[in-house]
Amino acid sequence: MNLYELKAIQLELSQKVRLTPFSGPVRHVAGCDVSYNRAKNEMTAVVAVLEYPSLKLIEIASHTAMVEFPYIPTFLSFRELPSLLEAFKKVKIKPELIVVDGQGIAHPRKLGIAAHFGVTVGIPTIGCAKSHLFGKYVMPGEKRGEWKPLLDKDGDVIGAVVRTRDRVKPVFISPGHLIDVKSSVEWILKLTKGFKLPEPIRFADSISRRISHEGI
DNA sequence: GCGACAG
DNA sequence: ATCTTGTCGC
């Protein structure tokens, strides 16, 4: 498999992405993240399931595996998705909405890891990234809730730069699958409680780090 | 050709 | 992502 073939896979899968308004109902929401243990050359993927709207953690599923694909910008899903899917198989309480750490369709071939995950499992997903990968934008205002659109080369809206906390760097939101930009922004704000990152991602992040570094 | 570049 | 201490601000 070379990068040209992987690009072809991304282009084909991106045709399956469906962008549609999403309002719920949501009883359970999950967060996905992956951490690495450099010394062991291992990665640990975690799916954290929270109850909504309480946002209390009710289930954790994880999967640890050897790293066998390098990090190449725009090909992140080929590195992290396999482990994430293994972890998701272990989840008993299937969520109605999933937030994935990374881009959704805000990607050169419209298939960031959140979109790839979404079309694979067939559940609504939102991509929530801590930094920019693709798309043009202007900085949103400094207040929580303010946001600006992420635009592709044709000027189409592919996501949003959202201020989830006053005067803190914004997050890059984009729909993964079965949701649209407007609903994605609304849900990310509902899932954010006093921190830059939404609660599902915060849980998945801290848990995956604890497992990969302490083996808990 | 050059710069940018999720995690 | 990870490596890393103290430190500035609310």
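Keep in mind it's a predicted model, so treat the numbers as computed, not measured. In what follows, every chain begins at residue 1, and chains take the letters A, B, ... in the order their sequences are listed.
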Contact letters for nucleotides 2-7 of chain B, in which S counts primed atoms plus P, OP1 and OP2 and B counts the base, heavy atoms under 4.0 Å:
---BBB
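- If you measure from atom CZ of A:R167 to atom C1' of C:dC8, you get 13 Å, rounded to the nearest angstrom.
- Ring-centre distance between A:H116 and A:F78: below the 6.0 Å cut-off.
- A:D166 pairs with exactly one of A:R144, A:K143, A:K196 by the salt bridge (Lys or Arg N to Asp or Glu O under 4.0 Å) rule, that one being A:K143.
- Here C:dA1 presents its C1' atom at 16 Å from CZ of A:F69, a figure rounded to the nearest Å.
- Between the C1' atom of C:dA1 and the CD atom of A:E42 lies a distance of 15 Å, rounded to the nearest Å.
- Formation of a donor-acceptor pair under 3.5 Å by the A:S77 side chain with backbone atoms of A:I113 is not found in this model.
- The distance from atom CG of A:D166 to atom P of C:dC10 is 12 Å, rounded to the nearest whole Å.
- Of the possible donor and acceptor atoms, none in the side chain of A:N41 sits under 3.5 Å from a partner among the backbone N and O of A:M66.
- Proximity of the aromatic rings of A:W147 and A:Y137 is defined here by a centroid distance below 6.0 angstrom, and this criterion is not met.
- A salt bridge between A:K130 and A:D101 is present, with a side-chain N of the basic residue lying under 4.0 Å from a carboxylate O of the acidic one.
- Counting non-hydrogen atoms under 4.0 angstrom, A:H116 reaches nothing in the nucleic acid.
- OP1 or OP2 of C:dA1 lies within a sub-4.0 Å distance of a side-chain N or O belonging to A:R209.
- Rounded to an integer number of Å, the gap from NZ of A:K169 to P of C:dG9 is 19 Å.
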